Visitor: 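So that we are looking at the same thing, I have put the structure below in structure tokens.
Chain letters run A, B, ... following the sequence lines, proteins first and then strands; every chain starts at 1. What you are looking at is a predicted structure, and each value in this text was computed from that prediction instead of being measured.
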Amino acid sequence: MKHTVVPLQAPSAVLPPLPSGSQVIDNDHIAAVFDEVADLLDIEDANPFRIRAYRNAARTLRALTFDVAKTLSRGEALPKLTGIGVDLAGKINEIVTTGDCSLRQRLRSTLPPGLVGLLSIAGLGPRRVKNLYHDLGIETAQQLCLAAQQGRIRHLPGFGERMEARLLSAAQKGIGKDRRLPLALVEPMARRLTEYLQQIPGVEQATTAGSLRRMRDTVGDIDILVVAAPSVDVTTQFISHPDISTVLVKGHARASVMLNSGMQVDVRIVEPAVYGAALVYFTGSKAHNIAIRQRAQKLGLKLNEYGVFRAKNRLASTTEVSVYQALGLPWITPELREDRGEVAAALAGHLPGLIELTDLKGDLHAHTHASDGGNSLEEMALAAQGAGLEYLAITDHSQSLRVAHGLGVEQLLKQIDQIDALNSRLQGMTLLKGIEVDILEDGNLDLPDDILGRLDLVVGAVHSHFGLTLRQQTQRLLRAMDHRYFTILAHPLCRLINERDPLNLDLPAIIKAAAQRGCCLELNAQPPRMDLFDLQCQYAKDEGVLISVNSDAHRTADFANLRYGVAQARRGWLEKHNVINTRSLTELKAWLVIKSPTTFRG
DNA sequence: GCCGTTTTCGGCCCGACTGTTTTCAGTCG
């Protein structure tokens, strides 16, 4: 089909209300429909560029910092979105209106939707999935296992005995492409491997790349770039590492292995002369790589992991800076390399001056052994000071959270006196009096006003009733934030990576409310939390909401987690002035006084 | 299906490795 290019328009009439029930037509939902369409088209062997268009659109939707369905339902026009033309805009409209699109229904009528699940088995792509379905009727992983055990797969064209065994193993072990672990859990594994690689004779350097280097909150596999002369056989020595359980791929320039922990590791070996280009390539993200390759194309250049080329002449390759420079761009920090506008910003000279760990002057969320922490007030104060901070808010749990020995009124009053006494002794460190007060099911706070009013700040958090509906949960938080002493909403989504899904929450409404009320949102730096997400930080920034990057420390060692919080903040494009706890104690006190004129007694 | 300083056609990011093949398709990053 041929189309003229016009801006994406909202429908002329206001859309009917969203489908009732629990289904939420958010950007992720629309993206998921597009991804499934892409997978099914792929299996159908459709035009690969058409397939890519659906994948690109899904990626674009996930990266938006506003809600498409809400914008359309207000009758507003969406801005022109990269990679979304007339046809896909129409499908977005259809999905928002009906919850589905007719193309997906048509594809599902000819191809079982279960086939999409087969794509997640290592070694299976669209061609093989299609052949397995057409020739053997295989639609599920169970059917795949059975057919492999019966030796029926080896006879298909393009398969064979080894492929059959590999697929059986992958399907049985559930070796997929989706397992992601918290960054902090993966870092030590990666460190052991890079140190091992570095001591192999002839290896000049071993560097982590991929999402680990981009400091994503979760990591799906460990990517390591090794610099060595071509004569050095790195991969043979690498695969003898004791942490490795399975070798998936081994060549001279590349190896992929599975660790005993289940984490996949990809090692790539390059010569010193191409280190910069290889590091750019191997750091990704894939989307960023595509974006800068398109930039190269526009300049009549070619970019790959060996350098930037004009015809066969290599213009740059030794350092990342030189590679970006050859593309007419300043160096882009890895945390921003997600194709979320960083290339355009770099071109325009508008890259943000991102927050650094050393910008943090304090931490506004920490516990002591008065509730569920492991250390005393003084130990926490000194540890915070040792981490380079000048103030620390003590925010133990409140009485409802019995499992964490939450503080009642009397205990909190006692702690206030203890903090006053300790502050008179501390030098260069000030403790602030706070509480992590439970937000009850109805949105009320867990302690009476007259007590909360005696604190320097009030950090509110949800620790129960995670399963409320979107409307109930949103109303609950909005009501809590209406409270006159409410300062910071802690871990707003309450997700625990791989353990608990984010709350069913209208986060844009919460962010807008925070902007109106002058509340902060927390970016909780506990590795299993990392809450808010990077994109949501960016959205909050756009809406003028201040973020507090907090450790939620329960023991003295936890202040080290602040670096993960700062990394996530950087991924969310946050600058120093977007983060409340970069302010000096004096500035923070002024802000708290303005916010709640009667509270601060410092 | 999208897009345009080469704009309504014709291109769309690029290379390593595997397994099955006998020169390459498929998968993956």
Side-chain angles (χ1 to χ4, degrees), chain A residues 1-6 8 34 37-38 41-43 45-60 80-92 103 118-132 153-167 170 175-177 209-211 220-225 235 247-257 264-270 274 277-278 280-309 327 339:
Chain A
M1 280 199 294
K2 304 299 175 200
H3 301 295
T4 50
V5 178
V6 297
L8 186 58
F34 282 173
V37 167
L41 284 173
D42 213 350
I43 295 169
D45 207 10
N47 176 352
F49 299 106
R50 184 182 176 207
I51 296 164
R52 186 186 295 172
Y54 279 95
R55 295 202 202 283
N56 287 343
R59 195 161 47 77
T60 298
K80 178 74 193 83
L81 301 173
T82 311
I84 296 179
V86 173
D87 185 88
L88 289 176
K91 288 192 169 73
I92 289 175
L103 174 59
L118 288 179
L119 291 173
S120 69
I121 294 171
L124 278 189
R127 299 287 78 74
R128 289 183 181 137
V129 165
K130 182 187 182 185
N131 290 341
L132 288 169
I153 290 176
R154 66 184 68 177
H155 304 301
L156 296 182
F159 288 79
E161 264 188 70
R162 293 180 71 172
M163 178 59 75
E164 184 180 68
R166 186 181 158 198
L167 290 179
I175 295 177
K177 306 154 188 168
S211 54
D221 56 19
I222 297 171
D223 298 302
I224 303 176
L225 181 65
T235 56
V247 177
L248 303 172
V249 172
K250 179 188 172 297
H252 189 77
R254 227 190 95 191
S256 289
V257 302
Q264 182 170 328
V265 183
D266 297 319
V267 172
R268 184 72 182 259
I269 298 97
V270 298
V274 300
V280 169
Y281 164 79
F282 222 30
T283 298
S285 65
K286 187 175 177 179
H288 176 82
N289 286 351
I290 291 172
I292 57 177
R293 277 176 180 159
Q294 286 169 341
R295 167 77 190 152
Q297 278 195 323
K298 276 187 184 167
L299 298 174
L301 307 173
K302 187 176 83 164
L303 171 65
N304 59 29
E305 59 262 57
Y306 301 111
V308 181
F309 297 85
L327 302 175
D339 191 26

Visitor: What integer number of Å spans the P atoms of B/dT23 and B/dG29?
Guide: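 Looking at atom P only, B/dT23 and B/dG29 are 29 Å apart.
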Visitor: From the set B/dG19, B/dG15, B/dC17, return the single nucleotide nearest to any side-chain atom of A/Met163.
Guide: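 Shortest atom-to-atom distance from the side chain points to B/dG19.
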Visitor: Looking at the base of B/dG29, is there any donor atom on it, or on the side chain of A/Asp223, that sits under 3.5 Å from an acceptor on the other one?
Guide: no
Visitor: Would you indicate what A/Lys250 reaches in the nucleic acid, counting non-hydrogen atoms under 4.0 angstrom: base, sugar-phosphate, or nothing?
Guide: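 Sugar-phosphate, no base atom in range.
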Visitor: Please report the distance, rounded to the nearest Å, between CZ in A/Arg166 and P in B/dG19.
Guide: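 In whole Å, B/dG19 P and A/Arg166 CZ are 6 Å from each other.
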Visitor: Contact class for A/Pro126 vs. all strands (heavy atom < 4.0 Å): base, sugar-phosphate, or nothing?
Guide: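 A/Pro126: backbone/sugar contact only, no base atoms under 4.0 Å.
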Visitor: Can you check the A/His252 NE2 to B/dT18 C1' distance for me, whole Å?
Guide: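 Distance check: A/His252 NE2 to B/dT18 C1' gives 18 Å.
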Visitor: Taking the side chain of A/Tyr54 as heavy atoms from C-beta outward, which of B/dG19, B/dG1, B/dG29 is closest to it?
Guide: B/dG1
Visitor: For A/Arg55, enumerate each residue passing the side-chain hydrogen bond (donor to acceptor under 3.5 Å, both in side chains) test, keeping only those at least two apart in sequence or located in another chain.
Guide: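 With sequence neighbours excluded, A/Arg55 shows a side-chain hydrogen bond (donor to acceptor under 3.5 Å, both in side chains) to A/Asp39, A/Asp42, given in chain and number order.
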Visitor: Which pair of non-hydrogen atoms, one from A/Ser256 and one from A/Asp266, has the smallest distance, and what is that distance?
Guide: OG-OD1, 2.5 Å
Visitor: Using purine N1 to pyrimidine N3 plus N6-O4 or O6-N4 for Watson-Crick, or N1-O2 and O6-N3 for G-U wobble, both under 3.5 Å, which nucleotide pairs with B/dC14?
Guide: B/dG29
Visitor: Rounding to the closest angstrom, what is the interatomic distance between B/dT7 and B/dC2 at atom C1'?
Guide: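 13 Å, rounded to whole Å.
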Visitor: Roughly how many Å apart are B/dA16 and B/dT20, using the P atom of each and rounding to a whole number?
Guide: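 Straight-line distance between the two P atoms is 22 Å.
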Visitor: Looking only at heavy atoms, what is the nearest atom pair of A/Phe34 and A/Ala57, with distance?
Guide: CD1-CB, 3.8 Å
Visitor: Starting at NE2 of A/His155 and ending at C1' of B/dG19, how long is that distance when rounded to a whole Å?
Guide: 17 Å
Visitor: What is the minimum heavy-atom distance between A/Lys302 and A/Asn304, and which atoms define it?
Guide: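 It is CE-ND2, 3.8 Å.
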Visitor: Give one of base, sugar-phosphate or nothing for A/Glu164, where a contact means two heavy atoms less than 4.0 Å apart.
Guide: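 Since no nucleic acid heavy atom lies under 4.0 Å of A/Glu164, the category is nothing.
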Visitor: How far does the P atom of B/dG11 sit from the matching atom of B/dT6, given to the nearest Å?
Guide: 16 Å
Visitor: Search all heavy atoms of A/Gly125 against all heavy atoms of A/Leu119 and return the closest pair with its distance.
Guide: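 Result for this residue pair: C-CD2, 3.5 Å.
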Visitor: Phosphate oxygens OP1/OP2 of B/dG15: is one of them under 4.0 Å from a side-chain N or O of A/Lys302?
Guide: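 Checking A/Lys302 against B/dG15: at least one side-chain N or O falls below 4.0 Å of OP1 or OP2.
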Visitor: Rounded to the Å, how far apart are A/Leu103 CG and B/dG1 P?
Guide: 7 Å
Visitor: Which is true for A/Tyr306 with a 4.0 Å heavy-atom rule: it touches a base, it touches only sugar-phosphate, or it touches nothing?
Guide: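 Result for A/Tyr306 = sugar-phosphate.
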Visitor: Which heavy atom of A/Ala38 sits nearest to which heavy atom of A/Tyr54, and what is that distance?
Guide: CB-CB, 3.9 Å
Visitor: Looking only at side-chain atoms of A/Asp266, point me to the closest of B/dC17, B/dG29, B/dG1.
Guide: B/dG29
Visitor: Report the distance from atom CG of A/Leu167 to atom P of B/dT20, rounded to the nearest whole Å.
Guide: 10 Å
Visitor: Nearest to the side chain of A/Arg127, heavy atoms from C-beta on, is which of B/dC14, B/dT27, B/dC12?
Guide: B/dT27
Visitor: Just to be sure I understand the rule, does A/Arg254 reach a base, reach only the sugar-phosphate, or reach nothing, if contact means heavy atoms closer than 4.0 Å?
Guide: base
Visitor: When rounded to the nearest Å, what value does the distance between C1' atoms of B/dG26 and B/dT21 take?
Guide: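 Each nucleotide's C1' atom is 13 Å from the other's.
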Visitor: What nucleotide, of B/dC14, B/dG15, B/dG1, holds the atom closest to the side chain of A/Gln297?
Guide: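 My answer, after comparing the listed nucleotides, is B/dC14.
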Visitor: Contact class for A/Thr82 vs. all strands (heavy atom < 4.0 Å): base, sugar-phosphate, or nothing?
Guide: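 If one applies the 4.0 Å heavy-atom cut-off, A/Thr82 turns out to touch the sugar-phosphate alone, with no base involved.
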Visitor: Any donor-acceptor pair under 3.5 Å between the side chain of A/Tyr281 and the base of B/dG29?
Guide: yes
Visitor: State whether A/Lys91 places a side-chain N or O below 4.0 Å from either non-bridging phosphate oxygen (OP1 or OP2) of B/dG1.
Guide: yes
Visitor: Let's see if you can work this out: which of B/dA16, B/dG29, B/dC2 has an atom nearest to the side-chain heavy atoms of A/Lys286?
Guide: B/dG29
Visitor: When you get a sec, tell me which of B/dC2, B/dG29, B/dC14 is the closest nucleotide to the side chain of A/Leu88?
Guide: B/dC2
Visitor: Checking A/Asn289 side chain against A/Tyr281 main chain: does a donor-acceptor pair fall under 3.5 Å?
Guide: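 At least one qualifying donor-acceptor pair exists.
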Visitor: Figure out the CZ/C1' separation between A/Arg50 and B/dC12, and round it to whole Å.
Guide: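 Answer to the nearest Å: 16 Å.
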Visitor: Quick one: which of B/dG1, B/dT18, B/dG19 gets closest to the side chain of A/Arg162?
Guide: B/dG19
Visitor: Could you check A/Lys286, A/Arg295, A/Arg59 and say which one makes a salt bridge (charged side-chain N to carboxylate O under 4.0 Å, His left out) with A/Asp339?
Guide: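 One option only clears the test, and that one is A/Arg59.
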Visitor: Base, sugar-phosphate or nothing for A/Asn47? Non-hydrogen atoms, less than 4.0 Å.
Guide: base
Visitor: In whole Å, what separates the C1' atom of B/dG1 from that of B/dT8?
Guide: 15 Å
Visitor: Is A/Leu303 touching bases, backbone alone, or none of the nucleic acid, heavy atoms closer than 4.0 Å?
Guide: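 A/Leu303: backbone/sugar contact only, no base atoms under 4.0 Å.
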Visitor: Measure the distance from CD1 on A/Ile51 to C1' on B/dG1 and round it to the nearest whole Å.
Guide: 11 Å
